[in-house]
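For reference, the structure is listed below as structure tokens.
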Amino acid sequence: MRKKSVAILDIRSLEITAVVGEKGVNNTFIIKSKYSCTYDGYAEGDMVDVDSFYSAVNNVVKSTIAAFGGIKTFYVGVPAEFTKVVQADKIMSFQSAKKITSDDCEYLAGMSMPEEEKDYRTVRHSCMYYVLSDKRKVIDPVGSVSDSLRGKFCFYQCSNKFINYVSNAFKNISSVKDIKLIPSVYAQAIYLVPPEQRDEYAVLLDIGYISSSYSVICGNGIAFCEAFSVGIAHLAVYLMTELDVPFDVAVSFLTQLNLNAKETLGGVIECIYEGQEYKYSTIILRDKVREGLDGICETVEECIQGFKGKNFENKTMLITGESIKTVRGTVEHISNRLVRNVEVVAPSVPYYDKPQFSSLLSLLYTALTDAVSR
């Protein structure tokens, strides 16, 4: 594989995708290969079916290697379900005022390292902001003159269970010698949210298929992160149960529905599945889907209440993920239900400028940045 290319593995709760890519012009990417495979996903901090996970990883990784030959390093995204963010606040003083160096920042980070919690391992750290001796808050203190340096650090801990799953999945792929873990919530925060927005705190809601996450972003770190095992698939399950229809029929209804369309009496949505016709009132379907979305919003409200550091009532909520476009009108309903402005964010890359690619390109951006700094 070419030295300027990287291989990444994006593990979402619907599918797993392997990509080999490199930097393009004007902040774009050159995607050399892309392989995806659906599987049973994850929920409640564990894989739904481990064998399904192993099979999907082997499928996309071996296809990638077949296309590119030996790949020694894979960057693997750690979903929020398997991530714990621990904050630390440390200060160190110097004998006299001096120019801050990158080594000073790393030394302070090392001083700040928390003890690893049982069943978790620290895989990355970042700093929300630094404070100089004149009380100024800065994102990058290198080159500033100060006689002290304080840092508000974030340490991203990955569950050992997930690490073991990934290790076992790669066990029989002999060419891969190194697996580097990247917390997906960190990658999305840095790539999707502009620095000026992060400096003032930003809120990001990622709605997935089975699992979603809510995070509060500050500077170059995550001030708060909560994963919850609710996604658009739960709307399909809700319809399946309420209407007594097969799951695939419920999914078809969701993709045909538009919550913003004008409601008319007599309107129906139809689906033919395994030779049988299913037909339901559009009004009934909209009401059921709104009820299901309200359940998701209630969980988001709990997440909002879980962060006590700031009041975000007037702050626009950024929203992304592969599931927000499944039902047309989802974003507007969430905005009305939570009584706040909502803005969809996605990569600014041709063809990949959709929320479903947010996690994938965020990981690619972070992996390429890491590869350059090595």
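As the structure is a computational prediction, the values presented were derived from the model and not from experiment. Hydrogens, waters and symmetry mates are skipped; everything else that's a heavy atom, side chains included, is used.
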Value rounded to 0.5 Å, distance of NZ in Lys279 from CG in Leu285: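 So the NZ of Lys279 and the CG of Leu285 are separated by 13.0 Å.
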Interatomic spacing from CZ in Arg12 to CG in Asp206 - rounded to 0.5 Å: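 Answer for the CZ-CG pair, Arg12 versus Asp206, is 4.0 Å.
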[X] and [Y]: side chain donor to acceptor below 3.5 Å:
X	Y	value
Tyr165	Asp46	yes
Ser211	Ser13	no
Ser126	Tyr156	yes
Thr101	Asp104	yes

Do [X] and [Y] have side-chain heavy atoms sitting under 4.5 Å apart?
X	Y	result
Phe253	Cys271	yes
Ser359	Gln188	yes
Tyr42	Phe162	no
Arg337	Arg290	no
Arg286	Leu257	yes
Met240	Val251	no

Fit a plane to each ring of [X] and [Y], take the angle between them on a 0 to 90° scale, and name the class: parallel (under 30°), tilted (30 to 60°) or perpendicular (over 60°).
X	Y	result
Phe29	Tyr191	tilted
Phe307	Tyr201	tilted
Phe247	Tyr209	perpendicular

Salt-bridge criterion met for Lys34 and Asp10 (N-O under 4.0 Å):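 So Lys34 does not pair with Asp10 through a salt bridge.
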Lys/Arg-Asp/Glu bridge criterion (N-O < 4.0 Å) met for Lys161, Asp119: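 Between Asp119 and Lys161 there is no salt bridge, as every charged N stays at least 4.0 Å from the carboxylate O atoms.
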Cluster check Ile139, Ile91: I/L/V/M/F/W/Y, side chain < 4.5 angstrom: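 Ile139 and Ile91: separate clusters.
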Chi angles and distances behind the side-chain contact (heavy atoms from CB on, under 4.5 Å) call for Ile179, Ile163: CA-CA 10 Å; Ile179 296 171; Ile163 293 172; over 6 Å; no
Ring pair (Phe, Tyr, Trp, His ring centres under 6.0 Å) partners for Phe53, two or more places apart: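 By the ring pair (Phe, Tyr, Trp, His ring centres under 6.0 Å) rule, Phe53 matches no residue at all.
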Closest non-hydrogen atom pair, Thr255 against Arg328: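 Taking every non-hydrogen atom into account, O-NH2, 4.0 Å.
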ILVMFWY cluster membership beyond Met113 - transitive side-chain contacts under 4.5 angstrom: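 Reading the cluster by chain and number, Met113 sits alongside Met92, Phe94, Ile100, Tyr107, Leu108, Met111, Tyr130, Leu132, Val138, Leu149, Phe153, Phe155.
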For residues 214-232, tabulate all N or O donor-acceptor pairs below 3.5 Å that involve a side-chain atom, not counting sequence neighbours.
unit_1	atom_1	unit_2	atom_2	d
Asn220	OD1	Arg198	NH1	2.7
Ser229	OG	Glu44	N	2.6
Ser229	OG	Glu81	OE2	2.6

Candidate pair Asp178 and Lys72, rule salt bridge (Lys or Arg N to Asp or Glu O under 4.0 Å), full reasoning: CA-CA 6 Å; Asp178 192 15; Lys72 294 182 179 180; over 6 Å; no
Stepwise side-chain contact (heavy atoms from CB on, under 4.5 Å) test for Phe170 and Val61: CA-CA 9 Å; Phe170 277 90; Val61 171; 3.9 Å; yes
Residues, nucleotides or ligands: over 12 heavy atoms within 6.0 Å of Asp244 CG: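 Not buried by this count: 12 neighbours or fewer within 6.0 Å.
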